[in-house]
Amino acid sequence: MDARPQDFSWQDLVLEIETTESDGDSWGYQLPDEQFGIITLLRGSCRIEGRDGHGRRSTTLMPGEIGRIAPNNPVRLHRMPPNRLPFTMVSIQLPLDILQRTIDTYPAASVRNVSELHTLRAFDPHIASMAPVLLQAWQTGAGESYAEAAAHYLAEYLMHPFHTAAPGQGGLSAEQMLTVRTYMETNMSENITLNQLAAEARLSKYHFVRRFSVATGKTPMQYLTGLRIDAARQLLVMSSYPIYRVGRRCGFPNPENFARVFRKHVGCSPSEYRKRGWSLSSA
């Protein structure tokens, strides 16, 4: 029994760049019925508007973040006010049959349908960094086997949080952990409280803190700080936004506190980290 798609090609894993140089202030993105989309930015930032969770929503998409777009979920990308600068986007369109077969491989996974993977914004520097590599491979004539291998890898990667082994006894379930982490990533710039996180896991604050610590070895706030620092590191290297703006975006509204926490976790200041990253990327 051979489950491989027939005649798989780069057209099944469509990568494209859209640069809003002269196309107005917004651009619509709608997938074919048999494709699941991943969008990320190579340059600039934008507002992304569409259905997410319980209704329509608008949020900001920046380098290091991705939108996971299920079929029948049109979205619109807008230039960011006040300067409305252009942005460059990569779109990866993953065939639904590959993704659904990957889901079916893990019957105990909490996700059973590709629509459950849909979200307008998630912090995912791994896919964000893969996108330009795949784009270059396509543009320089990599073989169709490359495209097929990339599609299967991405399907496994997208499903990984849903079918990883359960944590030790007494911890959060994989579904609760994913829900809480997604909330952290989506609302990273906001003042996230323990009560909000506990509500996402549908637990009392006391039980949530205990079970989260069993699952991760960290308190919820320690884990959240780690996510924020990872996001800040990505933005410092991949964007030219002022350091204070990077801090605010990642949940550190006070620049002095951002610098102090960043140094504690990384060993240098945000400005020093940016200089190192930029020097390495230009070498």
Visitor: I'd like to know if the side chain of Gln234 and the backbone of Ala231 have a donor-acceptor N/O pair within less than 3.5 Å.
Guide: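 Checking the backbone N and O of Ala231 against the side chain of Gln234, no donor-acceptor pair under 3.5 Å is found.
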
Visitor: Which pair of heavy atoms, one from Ala122 and one from Thr119, lies closest together, and at what distance?
Guide: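 Distance-wise, the nearest heavy atoms are CB-CG2, 4.2 Å.
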
Visitor: Side chains of Ser115 and His118: any donor to acceptor distance under 3.5 Å?
Guide: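 Distance-only check fails for His118 and Ser115.
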
Visitor: Give a yes-or-no answer on whether the side chains of Tyr273 and Arg233 include a donor-acceptor pair shorter than 3.5 Å.
Guide: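 There is such a pair between these side chains.
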
Visitor: Nearest 0.5 Å, please: how far is CZ in Arg121 from CE in Met188?
Guide: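 Rounded to the nearest 0.5 Å, the CE-CZ separation comes out at 8.0 Å.
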
Visitor: Does Gln136, at its CD atom, have more than 12 non-hydrogen atoms belonging to other residues, nucleotides or ligands within less than 6.0 Å?
Guide: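 No, the 6.0 Å shell around CD holds no more than 12 heavy atoms from other groups.
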
Visitor: Can Tyr146 be reached from Met130 by stepping across I, L, V, M, F, W or Y side chains whose heavy atoms are under 4.5 Å apart?
Guide: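 Both belong to a single hydrophobic cluster.
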
Visitor: Heavy atoms only: give me the nearest Leu77-Cys46 pair and the separation to one decimal.
Guide: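 Shortest heavy-atom separation between Leu77 and Cys46 comes out as CD2-SG, 4.2 Å.
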
Visitor: Taking Glu116 for its side chain and Asn113 for its backbone only, find out whether a donor-acceptor pair lies under 3.5 Å.
Guide: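 The answer is yes, because a donor-acceptor pair under 3.5 Å joins these two groups.
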
Visitor: Applying side-chain hydrogen bond (donor to acceptor under 3.5 Å, both in side chains) as the test, list every pair that has at least one member in residues 249-265; sequence neighbours left out.
Guide: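 As it turns out, the side-chain hydrogen bond (donor to acceptor under 3.5 Å, both in side chains) pairs with a partner in residues 249-265, which skip direct neighbours, are Glu65-Arg249, Asn257-Arg260.
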
Visitor: Are Ile243 and Val237 co-members of a hydrophobic cluster defined by side-chain heavy atoms under 4.5 Å apart?
Guide: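 Yes, same cluster.
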
Visitor: Could you tell me if the side chain of Glu148 sits less than 4.5 Å from the side chain of Trp10, heavy atoms only?
Guide: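 Heavy-atom side-chain distance check fails, nothing below 4.5 Å.
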
Visitor: Can you name the closest pair of heavy atoms from Leu31 and Phe36 and give their distance?
Guide: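 Minimum heavy-atom separation between Leu31 and Phe36: CD1-C, 4.0 Å.
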
Visitor: Looking only at heavy atoms, which two atoms of Phe208 and Pro220 are closest? And how far apart?
Guide: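 Taking every non-hydrogen atom into account, CE2-CG, 3.5 Å.
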
Visitor: Quick one: CD1 on Ile66 to CD1 on Ile127, what's the gap to the nearest 0.5 Å?
Guide: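 The CD1 atom of Ile127 is 4.0 Å from CD1 of Ile66, to the nearest 0.5 Å.
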
Visitor: Taking all atoms of both residues into account, what is the closest heavy-atom pair of Pro71 and Pro32, and its distance?
Guide: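 Of all heavy-atom pairs spanning Pro71 and Pro32, the closest is CB-O, 4.3 Å.
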
Visitor: Report yes if some heavy atom in the side chain of Leu158 is under 4.5 Å from a heavy atom in the side chain of Leu94; otherwise report no.
Guide: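 SC-SC contact between Leu158 and Leu94 confirmed.
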
Visitor: With a 4.5 Å cut-off on side-chain heavy atoms, are Thr186 and Thr59 touching?
Guide: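 Sidechains of Thr186 and Thr59: no contact.
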
Visitor: Please identify each residue that fulfils side chain to side chain donor-acceptor pair (under 3.5 Å) with Asn187, with sequence neighbours left out.
Guide: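 For Asn187, no residue satisfies side chain to side chain donor-acceptor pair (under 3.5 Å) once neighbours in sequence are set aside.
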
Visitor: Is Gln222 close to Thr216 at the side-chain level, that is, under 4.5 Å between some pair of heavy atoms?
Guide: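 A side-chain contact under 4.5 Å is absent here.
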
Visitor: So, using side-chain contact (heavy atoms from CB on, under 4.5 Å) as the criterion, who are the partners of Arg248 when residues are at least two apart?
Guide: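 For Arg248 the side-chain contact (heavy atoms from CB on, under 4.5 Å) partners, ignoring immediate neighbours, are Tyr244.
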
Visitor: When you measure from the side chain of Arg43 to the backbone of Thr88, do you find a donor-acceptor pair of N or O atoms at a distance under 3.5 Å?
Guide: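 It does not hold such a pair.
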
Visitor: Name the one of Asn73, Val75, Ile48 that satisfies side-chain contact (heavy atoms from CB on, under 4.5 Å) with Tyr29?
Guide: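 It is Val75; the other options fail the test.
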
Visitor: So, taking the atom named OG in Ser213 and the one named OH in Tyr223, what distance separates them when rounded to the nearest 0.5 Å?
Guide: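 One gets 12.5 Å once the value is rounded to the nearest 0.5 Å.
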
Visitor: Using the side chain to side chain contact (heavy atoms under 4.5 Å, CB included) rule, take Val90 and Ile39 through it: C-alpha gap first, then chi angles, then the decisive distance, then the call.
Guide: CA-CA 6 Å; Val90 174; Ile39 57 177; over 6 Å; no

Visitor: Verify side chain to side chain contact (heavy atoms under 4.5 Å, CB included) between Thr219 and Phe212, making sure each step is shown before the conclusion.
Guide: CA-CA 7 Å; Thr219 68; Phe212 189 97; over 6 Å; no

Visitor: Give a yes or no on whether the backbone of Leu236 and the side-chain of Arg274 come within a donor-acceptor separation of less than 3.5 Å.
Guide: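 It does hold such a pair.
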
Visitor: To the nearest 0.5 angstrom, please state how far the CG atom of Leu172 sits from the CZ atom of Arg210.
Guide: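 Answer rounded to 0.5 Å: 9.5 Å.
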
Visitor: Is there a path of hydrophobic side-chain contacts, each under 4.5 Å between heavy atoms of I, L, V, M, F, W or Y residues, that connects Tyr206 with Leu194?
Guide: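 No, Tyr206 and Leu194 fall in different hydrophobic clusters.
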
Visitor: Going by side-chain contact (heavy atoms from CB on, under 4.5 Å), Phe87 matches just one of Leu61, Leu42, Leu41. Which one?
Guide: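 The single option meeting the side-chain contact (heavy atoms from CB on, under 4.5 Å) with Phe87 is Leu41.
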
Visitor: List in chain and number order the residues that pass side chain to side chain donor-acceptor pair (under 3.5 Å) with Ser45, two or more places apart in sequence or in another chain; answer none if no residue qualifies.
Guide: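 Side chain to side chain donor-acceptor pair (under 3.5 Å) check on Ser45 returns Tyr241.
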
Visitor: So Leu85 and Arg79, do their side chains get closer than 4.5 Å, heavy atoms only?
Guide: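 No, their side chains stay 4.5 Å or more apart.
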
Visitor: Would you say that Val246 contacts Phe252 through its side chain, given a criterion of any heavy-atom pair below 4.5 Å between the two side chains?
Guide: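 In short, these two side chains do not touch, never coming nearer than 4.5 Å.
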
Visitor: Going by atom types only, do Ser58 and Arg47 share a side-chain donor-acceptor pair under 3.5 Å?
Guide: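 Side-chain D/A pair, Ser58 to Arg47: present.
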
Visitor: Is there a side-chain contact between Leu120 and Ile69 (heavy atoms, below 4.5 Å)?
Guide: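 A side-chain contact under 4.5 Å exists here.
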
Visitor: Is there a path of hydrophobic side-chain contacts, each under 4.5 Å between heavy atoms, that joins Leu235 and Met80?
Guide: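 Different hydrophobic clusters.
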
Visitor: Just so I know, are the side chains of Glu49 and His78 near enough to count as touching, which here means a heavy-atom distance under 4.5 Å?
Guide: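 With C-beta onward as the side chain, the pair touches.
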
Visitor: Output the distance between atom CE (Met184) and atom OG1 (Thr179), rounded to the nearest 0.5 Å.
Guide: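 It comes to 11.5 Å.
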
Visitor: What pair of heavy atoms forms the shortest contact from Gln35 to Gln93, and how long is it?
Guide: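 Result for this residue pair: OE1-O, 3.1 Å.
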
Visitor: Look at the side chain of Ser129 and the backbone N and O of His126, then say whether any donor-acceptor pair between them is shorter than 3.5 Å.
Guide: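 Yes, Ser129 side chain to His126 backbone: donor-acceptor pair under 3.5 Å.
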
Visitor: So, using side chain to side chain donor-acceptor pair (under 3.5 Å) as the criterion, who are the partners of Ser269 when residues are at least two apart?
Guide: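 Only Ser271, Glu272 meet the side chain to side chain donor-acceptor pair (under 3.5 Å) criterion with Ser269.
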
Visitor: To the closest 0.5 Å, what do you measure between CG (Leu134) and CG (Leu154)?
Guide: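 Reported to 0.5 Å precision, the distance equals 6.5 Å.
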
Visitor: Asp124: what forms a side chain to side chain donor-acceptor pair (under 3.5 Å) with it, not counting sequence neighbours?
Guide: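 Side chain to side chain donor-acceptor pair (under 3.5 Å) check on Asp124 returns Tyr157.
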
